[in-house]
Every structure is written in structure tokens, then in C-alpha cells.
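A quick write-up on the structure given underneath.
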Amino acid sequence: MRHRIHILGNGSLGGLLACRLSPFVDVRMILRSPPYPQSNTDDKRLPLTLDLAGERQSWRFDWETADAAEPISTLFLTTKSYSALNALDSIRHRLTPASRILLWQNGMGSQMQIAQEYADMAVYAASTTEGANRPEDGRIVHAGHGQTWVGPLSANAPFQEAQRLVDLLREAGFSSETTKDIRAQLWRKLSVNCGVNPFTVILNCRNGDILEHAYFQQRIDALCEELSAMLFVAGYGEPAANVKARIVAVAQGTANNISSMLQDVRAGRQTEINAINGFICDYADAHGQPHPVNSELTAGVHALSDHSGQSA
Ligand SMILES: NC(=O)c1ccc[n+]([C@@H]2O[C@H](COP(=O)([O-])OP(=O)(O)OC[C@H]3O[C@@H](n4cnc5c(N)ncnc54)[C@H](OP(=O)(O)O)[C@@H]3O)[C@@H](O)[C@H]2O)c1
């Protein structure tokens with residue numbers, strides 16, 4: 001029998017993973033509510049299309065709602081960071097100490113909270129630079145290939161299982177590696193997101209364009225000092241100049257991209273700012289460190305989004 005993977009979070013990343021993995025495993029989507037009935041078909045499975053390298057693939061997936069009873073052996077959690085814990089709690093009754101949970105959230109905070117609350121389970125985190133978006137419901141575009149790292153988060157997560165997850169991701173075509181210290185990857189990605197995403201929102205521009213703006217140029221050095229200080233506190237210390245070099249390299253390397261945060265603001269959706277610069281503000285407060293630039297950027301994004309202060 002094929003291994004079954006449940007995916008909770010039928011969005012851009014969840015849809016991408018579902019389509020790419022389904023030739024190799026039995027994918028089952030967990031939905032908040034049943035999908036709209038498809039006209040002209042008796043097939044009740046969830047339809048998804050994936051635009052990949054100029055080709056459109058069509059898939060159909062078995063789905064269930066959170067209240068189903070079947071135990072879950074492997075779960076990919078692909079909601080936004082602010083929904084992650086609530087979403088996981090909605091299927092808590094289906095998880096056992098034998099369950100493997102792989103968290104795909106960007107930013108920081110939700111992963112550690114889940115690792116604590118689900119400490120008796122095998123909790124892993126992924127950090128990925130794959131890029132997917134969802135121009136309309138049921139249609140996923142794989143916009144850019146990237147690199148994925150997977151590593152254990154909870155004490156009950158054996159490293160060999162991380163390797164199995166990576167083997168599966170590789171089989172599905174994702175360039176992936178295991179890491180014994182996934183927190184290091186999450187912090188590194190967090191520092192880049194802190195230096196790119198809020199600027200794209202405040203300046204309403206593509207990633208590469210932030211580099212030309214005085215608003216970015218006047219703040220980036222001070223921002224990198226704040227980020228570097230927090231990286232040192234977290235145990236992943238790096239000089240501010242390195243942090244800045246990485247931010248500039250990513251902005252240049254993804255120059256034509258519209259960041260996910262700007263896409264969220266333009267679509268009137270809640271952003272993940274609280275898990276990105278907002279997380280740094282909370283972390284800095286907890287360690288008695290100043291964070292004026294992170295505060296300014298967090299407030300700037302909240303001011304431009306309809307969802308400031310929402311947490312779920
Ligand atoms: N997209 C990417 O390329 C990418 C790359 C790297 C990392 N990430 C990270 O991956 C995470 C997901 O990103 P995304 O772009 O896929 O977001 P997304 O398109 O907004 O998808 C999130 C999905 O989760 C669903 N959801 C939320 N709460 C739920 C619940 N309680 N039960 C069931 N479903 C629930 C949402 O449903 P509704 O639509 O009904 O709200 C939505 O379909 C984020 O943390 C993001 O930063 C994404």
C-alpha cells in the first residue's frame with residue numbers, strides 16, 4: 001500500500017506539494033469546508049491544476065474535513081503562520097505519538113509554539129525557497145524552483161525520519177537537504193524576509209526595486225544591526241554586513257518577484273508580518289534589546305494592511 005500524506009492548508013504551497021507528491025504517495029487534502037460541487041461531473045474529488053515550466057497539469061485529490069476520524073501518520077501543515085496552531089488543533093484528535101508533522105511556515109514563532117504544545121509527537125520544520133502562487137482557486141503556479149531544508153524540531157523527532165521526508169521531496173523533484181539544526185535555517189531565512197518583504201509593501205514595488213529607494217538605503221544598515229544582534233542572541237551570530245549582503249543578494253536574485261507579503265496586501269489578505277519583523281520585535285523585547293527599525297517596518301505594514309493586530 002502506498003504511504004499516505006495528509007496536507008492541511010490547501011493554498012499555494014499545499015497545492016504545489018500535493019501535485020508534485022501525488023505520483024509517489026497517496027495525498028489526502030484536509031479542507032476547512034467541502035469544496036464547491038463541480039458542475040457536470042460526478043467526481044467529488046478536489047480538482048487542482050499546476051502550471052509548471054509552461055505546462056498545465058490537472059490533478060484530483062481525495063479530501064476530508066478536519067473532523068474526520070482516521071488517524072494521521074504524516075501531516076504536512078501548509079497554512080500561514082498565524083493559522084498554524086489553530087489549524088493543527090482542529091485535527092488534534094487524529095494525531096498520535098506515532099504521527100510525523102512537517103511544518104512549512106515562513107517566519108518564526110509558530111514552529112516553536114507547536115513543537116512545545118505537540119512535544120510528544122515527531123515535529124519537523126521545513127524552510128524552503130520554492131515559490132508558488134495561486135492566481136485563482138484551484139490553480140497553482142510553480143513560479144520558481146528553490147532549495148528546501150528539513151530538520152527535527154521536537155525532541156521526539158528522529159533525524160532518520162527527516163531523511164525519509166527529504167527522500168520523498170527529492171523523488172518529487174524538490175532540491176532538498178536534511179539539517180540537524182533547522183532553527184539556523186529558519187533564522188537565516190527570517191533575517192532575509194525581514195530585510196525584503198516589509199520594504200516591498202511600504203514601497204509597493206518588486207523585490208529588486210527596493211534597492212534603489214532612499215527609504216531602504218536609509219534604514220538597511222540599522223536594520224541589519226538589529227537583526228545581527230538578535231542572531232547572536234539566538235546562537236546563530238553573524239555580522240551585520242553579512243546579513244545585509246544576503247538581503248541584497250536575495251533582492252537582486254528575485255528582482256522581478258512580487259513578495260508574498262505584497263501579494264497578500266494587494267489581495268486584502270492578512271500578512272505574516274507578525275511572524276517576521278514582529279517576531280524580531282518580541283524577541284528583542286524579551287532580551288532587552290532595542291528594535292526601532294523592526295518596529296517601524298512592522299507598523300508600516302500594519303498601516304497598509306486591513307488586518308493589523310489579527311493573530312488568527
Ligand atoms: N507559497 C510559497 O511559495 C511559499 C514558499 C515558502 C514558504 N511558504 C510559507 O508556507 C505557508 C503557506 O503559504 P501559502 O502561500 O501556501 O499560503 P496560502 O496560499 O494562503 O495557503 C494557506 C491555506 O491554509 C488554509 N487554512 C488556513 N487555516 C486553515 C484551517 N484552520 N484549516 C484548513 N485550512 C486552513 C487557507 O484556507 P483559506 O484559503 O480558506 O483561508 C489556505 O488555503 C506560509 O507560512 C508561507 O510563508 C510559502
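Atoms within a ligand are numbered from 1 in the order they appear, just like the ligands themselves. Worth knowing before you read on, the calculation uses all heavy atoms, side chains too, and leaves out hydrogens, waters and symmetry mates. Just so it is clear, the model here is predicted, and its values are computed rather than measured.
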>> Using the salt bridge (charged side-chain N to carboxylate O under 4.0 Å, His left out) criterion, which residues pair with R188? Sequence neighbours excluded.
In response: none
> Numbering the atoms of ligand 1 from 1, which are under 4.0 Å from a heavy atom of G131?
Replying inline: 3 (O)
> Quick one: nearest non-hydrogen protein atom to atom 40 (O) of ligand 1, plus distance?
Replying inline: R32 NH2, 3.2 Å
> Between R164 and D167, is there a salt bridge with N-O shorter than 4.0 Å?
Replying inline: no
> Do I30 and ligand 1 have an N or O pair less than 3.5 Å apart?
Replying inline: no
> Are a donor atom and an acceptor atom from the side chains of R100 and T74 found within less than 3.5 Å of each other?
Replying inline: yes
>> Please report the interatomic distance CD1(I280) to CE(M108), rounded to the nearest 0.5 Å.
In response: 7.5 Å
> Could an N or O of ligand 1 be found under 3.5 Å from any N or O of N10, whether backbone or side chain?
Replying inline: yes
>> Test of understanding: given a 4.0 Å heavy-atom threshold, classify the contact between S81 and ligand 1 as side chain, backbone, both, or neither.
In response: backbone
> Any idea which protein heavy atom is nearest atom 35 (C) of ligand 1, and the distance to it?
Replying inline: T79 CG2, 3.8 Å
> Which protein non-hydrogen atom lies closest to atom 9 (C) of ligand 1, naming both residue and atom, and how far is it?
Replying inline: W104 O, 3.5 Å
>> Looking only at protein heavy atoms, which one is nearest to atom 19 (O) of ligand 1, and what is the separation?
In response: S12 N, 3.0 Å
> Between F216 and F199, how do the two ring planes meet: parallel, tilted or perpendicular, split at 30° and 60°?
Replying inline: perpendicular
>> Any donor-acceptor pair under 3.5 Å linking the side-chain atoms of T148 with those of S176?
In response: no
>> Is T128 close enough to touch ligand 1? Criterion: a residue heavy atom under 4.0 Å from a ligand atom.
In response: yes
>> For atom 47 (O) of ligand 1, what's the nearest protein heavy-atom neighbour? Residue, atom name and distance, please.
In response: E272 OE1, 2.6 Å
> Parallel, tilted or perpendicular: which describes the rings of Y283 and H287, with under 30° parallel and over 60° perpendicular?
Replying inline: tilted
>> Within the 4.0 Å heavy-atom shell around L8, which atoms of ligand 1 are there?
In response: 32 (N), 33 (C)
> Does ligand 1 have a heavy atom under 4.0 Å from the side chain of T129, from its backbone, from both, or from neither?
Replying inline: neither
> Cut-off 3.5 Å, side chains only: do E226 and N294 have a donor facing an acceptor?
Replying inline: yes
> Is R134 touching ligand 1 with its side chain, its backbone, both, or neither, if touching means heavy atoms under 4.0 Å apart?
Replying inline: side chain
> Are any of the heavy atoms in S90 under 4.0 Å away from ligand 1?
Replying inline: no
>> For atom 4 (C) of ligand 1, what is the closest protein heavy atom, and at what distance to 0.1 Å?
In response: E130 O, 4.2 Å
>> Under a plain distance cut-off of 3.5 Å, with no hydrogens placed, do N156 and S154 share a side-chain donor-acceptor pair?
In response: no
> When you measure from atom 13 (O) of ligand 1 to every protein heavy atom, which one gives the shortest distance, and what is it?
Replying inline: K80 CE, 3.9 Å
>> Does any N or O of ligand 1 fall below 3.5 Å from an N or O anywhere on L13, backbone included?
In response: yes
> Does a donor on one side chain sit under 3.5 Å from an acceptor on the other, for N10 and R32?
Replying inline: no
> Which protein heavy atom lies closest to atom 12 (C) of ligand 1, and at what distance to 0.1 Å?
Replying inline: T78 O, 3.4 Å
>> Is there a polar contact between ligand 1 and Q105, counting only N or O atoms under 3.5 Å apart?
In response: no
>> Can you list everything that forms a side chain to side chain donor-acceptor pair (under 3.5 Å) with D282? Sequence neighbours excluded, please.
In response: none
